[in-house]
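If you're wondering where the values come from, they're calculated on a predicted model, not measured in any experiment.
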Amino acid sequence: MAQIRKRKKNKAKKLSPLMKLFCVAVICVSGWLMFSVAKEVVTTVRLRSQLSDAESKYAQVKAENEKLTDQKQKLQDPDYVESYARSNYNLSKQGEQIFYLPEDTSK
């Protein structure tokens, strides 16, 4: 009786070759699936980073576009063009003199 029980225990502990092959196949498939998921996560993180960069560049370009559109509208007004030219390029009207005053450096 004791020998029969030992044989049954030994048989229960040993896996058949087919079962071993199945276990190896499951481990390989699981490893491949985990690798695929990790690869997709890395791709998603990289794409989100690129999207964030693109959104910030878009915001900068949009702000610059609004600024330039505003300036274009202002430059269509002759009075604004005249005051802009007089202040930035030191242009004067006929018979007008421009005096440069020193800046107060005592402050």
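Partners of Met19 by side-chain contact (heavy atoms from CB on, under 4.5 Å), not counting sequence neighbours, listed by chain and number: Leu15, Ser16, Phe22. Taking the salt bridge (charged side-chain N to carboxylate O under 4.0 Å, His left out) definition, one finds that Asp79 meets it with nothing, sequence neighbours left out. For Tyr84, the side-chain hydrogen bond (donor to acceptor under 3.5 Å, both in side chains) test picks out Asn88, with sequence neighbours left out. The side-chain contact (heavy atoms from CB on, under 4.5 Å) search around Leu75 returns Gln71, Tyr80, Val81, not counting sequence neighbours.
Side-chain contact between Leu68 and Glu64: present, with at least one pair of heavy atoms (C-beta onward) separated by less than 4.5 Å.
Here side-chain hydrogen bond (donor to acceptor under 3.5 Å, both in side chains) pairs that include residues 49-63, with residues two or more places apart or in two chains, number zero.
The side chain to side chain contact (heavy atoms under 4.5 Å, CB included) test with Asp70 is passed by exactly one of Lys67, Glu66, Lys74: Lys74.
The hydrophobic cluster containing Leu33, built from Ile/Leu/Val/Met/Phe/Trp/Tyr side-chain heavy atoms closer than 4.5 Å, also comprises Val29, Trp32.
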